[in-house]
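So the structure is just underneath, and the comments pick up after that.
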Amino acid sequence: MNSVGEACTDLKREYDQCFNRWFAEKFLKGDRSGDPCTETFRKYQRCVQKAIKEKDIPIDGVEFMGPNKDNST
Amino acid sequence: MKIWTSEHVFNHPWETVTKAAMQKYPNPMNPNVIGVDVLDRGIDKQGRLHSRRLLGTEWGLPSIVKSIIGNARTYTYVQEHSVVDPKEKTFELQSTNITFTNMVSVDEKLTYKPHPEDKEKTILTQEAIISVKGVSLNSYLEGVMAYKGSITNKLNIFASEGLFYT
């Protein structure tokens, strides 16, 4: 599966692999230890945000998780 | 406005179905989704995983609408918010189109839960609300979209089941 931004597909695949492994082997099994994918996600996101601006995609930019968001690892 | 609902039972436990559903794309049965990106992801204080995703799809409008607006502009974007609760064993997704919003609104909600009568099975309930803006072609277009929506969702279901056989 490709990214919506053509240049981001490799970064996306790298992140997806990391996420799918963590999701299946840790998160779903109740393991609350840290998310190992934050660095790959950051790189991937920089690319995606740029593509969204370039393509003028009307993303709702509201922080949907609000002040209760807990990303601590 | 048309509301379309359906239910489907998978012969697999909730964790297996959730893993497969999270990776649903690519999906040879639904080649219309051609781009998927995660915009944001995080775990809330209740331990639930929230994800916000952007989907790019070629399909999204019935051909009569495409012929009105021109074939070049049929790439549609959908924004999806999902929540996985590993304690309650629920996976809920909500999506809405963010382009062509002045013409049509397609809101979908999917919920995956363990089957209440058999923990080795999973039940998926889907609901789609489709509204076409404008006056004259309303019911016809909504009917076409709902019909196509039901086909696509059936294909998605078969493909999701198919993932277990690869």
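To find a chain, count down the sequence lines: A is the first, B the second, and so on, and within it residues start at 1.
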When every non-hydrogen atom of A/I59 is compared with those of B/R52, the smallest separation belongs to CG2-NH1, 4.0 Å
With only heavy atoms counted, which part of B/T18 is less than 4.5 Å from chain A, the side chain, the backbone, both or neither?
-> both
Which region of A/F27, side chain (C-beta onward) or backbone (N, CA, C, O), has a non-hydrogen atom less than 4.5 Å from a non-hydrogen atom of chain B, or is it both or neither?
-> both
Under the ring-ring contact (aromatic ring centres under 6.0 Å, His included) rule, collect the residues that match up with B/Y77, sequence neighbours excluded.
-> B/Y75
Common cluster, A/I57/A/Y44, ILVMFWY with side-chain heavy-atom separation under 4.5 Å | yes
B/E80/B/R53 under salt bridge (Lys or Arg N to Asp or Glu O under 4.0 Å): CA gap, chis, key distance, verdict | CA-CA 5 Å; B/E80 173 204 271; B/R53 296 200 303 177; 2.9 Å; yes
Which of the residues B/T101, B/V84, B/V38 is involved in the greatest number of heavy-atom pairs with chain A at under 4.5 angstrom?
-> B/V38
Which answer fits A/N20, side chain, backbone, both or neither, if we ask what part of it has an atom under 4.5 Å from a heavy atom of chain B?
-> side chain
